[in-house]
Amino acid sequence: MGTTVTHAPAMEGLAKDSEPRHGPVNSPRPAALKRRGRRETLAGYLFMSPWIAGFLLLTAGPMIASLYFAFTDYNLFDTPKWIGLDNFSEMFGDPRWRHSVKVTMWYVVVGTPLKLLLALGVALLLAQKRRGQAFYRAAFYAPSLIGASVSVAIVWKAIFADDAIVDRTQKIFGIDVGGWTGDPEMIIYSLVALTVWQFGAPMVIFLAGLKQVPRELYEAAEVDGAGPMRRFWNITLPMISPVLFFNVLLETIHSFQIFSSAYIVGGGAGGNACGPADGSMVYTCYLYVQGFENSRMGLASAMAWMLLVAVALVTAVLFWSQKRWVHYEEGAR
């Protein structure tokens, strides 16, 4: 009679030996993960707290307060009195307000394109390799750093005053119109000249866009016999159209916000704050006059919100129109 050998213990031992010697891997518990996530979130909010406090106290809070003041009669000294839409109806019926809108629109429509055209032209010149290129870029960009300062506005006013540099230069060529800052019809042109002089910032952006245009496209166009103008219209403009859109959007918004140069060149505080015969009365200048010189902060708040709505509408129109003339690379949107 044979003996039966059972191999079960051996197989059991083999199974035990097949397990990892270092034991099973313990995954973090869900509770520990939640505690870690809460600590990281708290740390993130702690680092963001200065920005959040600044936004609430310096941006969101004043905006909400100005929205309330827009529907009140408020003079900075007495308690605001709710008057509904009276500020808006008075604003629309004010001929000086309509004049400020007209001056601002003229400034935006004339000054912004001229500034961008000059910026693009200089960027095209600086895109070519030449000696002293870094110096020229810095020199052309410098006015954008100092152009918005009060000191430059004071100097600009002196340059365009009666019997100053511009006036004497005009007389050499037989043009005797006097100083621009003292003429209600000419003072707005001095403001346009000032904003065009500050073309450095959009020039740098254009220059960065021009550097991204592939040289192979120009070489292929030259082989096909395309001239400089044809290469510019068919290659350069389509390729830098996103950069052009960005500059148009940014400079248009900046033009609506012009204040310091118009206020200083126009004459500063007093009855002549917005230029002779309101010649340089841009929208923000009249807003300042109503809010701080006439102590009508409620009306000034209503004007500020109308400016915000106008800029938002112009921005929306620009974004809508970009679908027709801005060309992006495939998948870039």
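No more than 12 heavy-atom neighbours from other residues, nucleotides or ligands sit within 6.0 angstrom of CH2 on Trp233. In Phe292, the CZ atom is not crowded: 12 or fewer heavy atoms of neighbouring residues, nucleotides or ligands sit closer than 6.0 Å. Atom CD1 of Ile165 sits in a sparse spot, with 12 or fewer heavy atoms from other residues, nucleotides or ligands closer than 6.0 Å. Enclosure of atom NZ in Lys102 is not indicated, since only 12 or fewer non-hydrogen atoms of other residues, nucleotides or ligands lie within 6.0 angstrom. Atom CZ of Arg230 has 12 or fewer neighbouring heavy atoms from other residues, nucleotides or ligands inside a 6.0 Å radius.
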Name each donor-acceptor pair under 3.5 Å that joins a side chain in residues 86-95 to protein atoms two or more places apart or in another chain, with its distance.
unit_1	atom_1	unit_2	atom_2	d
Asn87	ND2	Ala70	O	2.9
Asn87	ND2	Thr72	O	2.8
Ser89	OG	Leu85	O	3.4
Ser89	OG	Asp86	O	2.8
Glu90	OE1	Arg296	NH2	2.9
Glu90	OE2	Arg296	NH1	2.6
Glu90	OE2	Arg296	NH2	3.4
Asp94	OD1	Arg96	N	3.1
Asp94	OD2	Tyr286	OH	2.3

For residues 179-186, dump all side-chain donor-acceptor pairs below 3.5 Å to protein atoms at least two apart in sequence or in another chain.
unit_1	atom_1	unit_2	atom_2	d
Trp180	NE1	Gln170	OE1	2.6
Thr181	OG1	Phe160	O	3.4
Asp183	OD1	Glu185	N	3.0

Going by atom type alone, with no hydrogens or angles, which donor-acceptor pairs under 3.5 Å involve a side-chain atom of residues 143-154 and a protein atom two or more places apart or on another chain?
unit_1	atom_1	unit_2	atom_2	d
Ser144	OG	Gln198	O	3.3
Ser144	OG	Gly200	N	2.9
Ser144	OG	Ala201	N	2.9
Ser149	OG	Ile146	O	2.7
Ser149	OG	Ser151	OG	3.3
Ser149	OG	Val152	N	3.4

Let me check something: any side-chain donor-acceptor pairs from residues 245-252 under 3.5 Å, sequence neighbours excluded? List them with distances.
unit_1	atom_1	unit_2	atom_2	d
Asn247	ND2	Pro202	O	3.3
Glu251	OE1	Lys115	NZ	2.8
Thr252	OG1	Val248	O	2.6

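Leu244 is not connected to Leu117 by any chain of hydrophobic side-chain contacts under 4.5 Å among Ile, Leu, Val, Met, Phe, Trp and Tyr, and they are in different clusters. One hydrophobic cluster, built from ILVMFWY side chains closer than 4.5 Å, cannot hold both Tyr74 and Ile64; they sit in different ones. Val317 and Val101 fall into different hydrophobic clusters, defined by Ile, Leu, Val, Met, Phe, Trp and Tyr side-chain heavy atoms under 4.5 Å apart, directly or through other members. Both Leu114 and Trp106 belong to a common hydrophobic cluster when Ile, Leu, Val, Met, Phe, Trp and Tyr are linked at side-chain heavy-atom distances under 4.5 angstrom. Taking hydrophobic clusters as Ile, Leu, Val, Met, Phe, Trp and Tyr residues chained together by side-chain heavy-atom distances below 4.5 Å, Tyr189 does not share a cluster with Val109.
Counting only residues at least two apart or on different chains, the side-chain hydrogen bond (donor to acceptor under 3.5 Å, both in side chains) pairs with a member in residues 203-226 are Tyr218-Thr236. Sorted by first and then second residue, the side-chain hydrogen bond (donor to acceptor under 3.5 Å, both in side chains) pairs with a member in residues 44-68 read Ser66-Trp305; sequence neighbours excluded.
When side chains are defined from C-beta on, Tyr136 does not count as touching Leu125, because their heavy atoms never get closer than 4.5 Å. In this structure, the side chains of Pro214 and Met239 come closer than 4.5 Å at one or more pairs of heavy atoms. Looking at heavy atoms from C-beta onward, Thr195 lies out of side-chain contact with Ile258 at the 4.5 angstrom threshold.
Rounded to the nearest 0.5 angstrom, Ile253 CD1 and Thr315 OG1 are separated by 4.0 Å. The distance from the CZ atom of Arg36 to the OG1 atom of Thr41 is 12.5 Å, given to the nearest 0.5 Å. A distance of 10.0 Å separates CG in Leu126 from CG in Leu210, rounded to the nearest 0.5 Å. Annotation: the span from Leu299 atom CG to Asn75 atom CG amounts to 12.5 Å, rounded to 0.5 Å. Atom CG of Leu116 is separated from atom CZ of Phe206 by 5.0 Å, given to the nearest 0.5 angstrom. To the nearest 0.5 angstrom, Phe135 atom CZ is 9.0 Å from Phe140 atom CZ.
Partner of Phe256 under the side chain to side chain contact (heavy atoms under 4.5 Å, CB included) criterion, out of Leu308, Val311, Thr112: Val311 alone.
Gln290 approaches Ala300 most closely through the heavy-atom pair C-CB, 4.5 Å. Contact detail for Met303 and Tyr283: the closest heavy-atom pair is O-OH, 2.8 Å.
Under the 3.5 Å distance criterion, the side-chain polar atoms of Tyr107 are left unmatched by any main-chain donor or acceptor of Ser280. With Arg137 contributing its side chain and Val204 its backbone, the two residues share no donor-acceptor pair below 3.5 Å. Remark: the backbone N or O of Asp278 is paired with a side-chain donor or acceptor of His99 at under 3.5 angstrom.
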Checklist entry - After noting the C-alpha distance and the side-chain angles of Val103 and Ser100, does the key distance pass the side chain to side chain contact (heavy atoms under 4.5 Å, CB included) rule? => result CA-CA 5 Å; Val103 172; Ser100 69; 5.8 Å; no
Item to check | side chain to side chain contact (heavy atoms under 4.5 Å, CB included) evaluation trace for Cys274 with Val289 | outcome: CA-CA 8 Å; Cys274 296; Val289 169; 3.9 Å; yes
Next on the checklist: Before you tell me yes or no, could you show the steps for Phe77 and Ser295 under side chain to side chain contact (heavy atoms under 4.5 Å, CB included), namely the whole-Å CA-CA distance, both residues' side-chain angles and the distance that decides it to 0.1 Å?
Outcome noted: CA-CA 9 Å; Phe77 303 103; Ser295 297; 4.1 Å; yes
Next on the checklist: Walk me through whether Val282 and Tyr263 qualify under side chain to side chain contact (heavy atoms under 4.5 Å, CB included).
Outcome noted: CA-CA 9 Å; Val282 293; Tyr263 184 74; over 6 Å; no
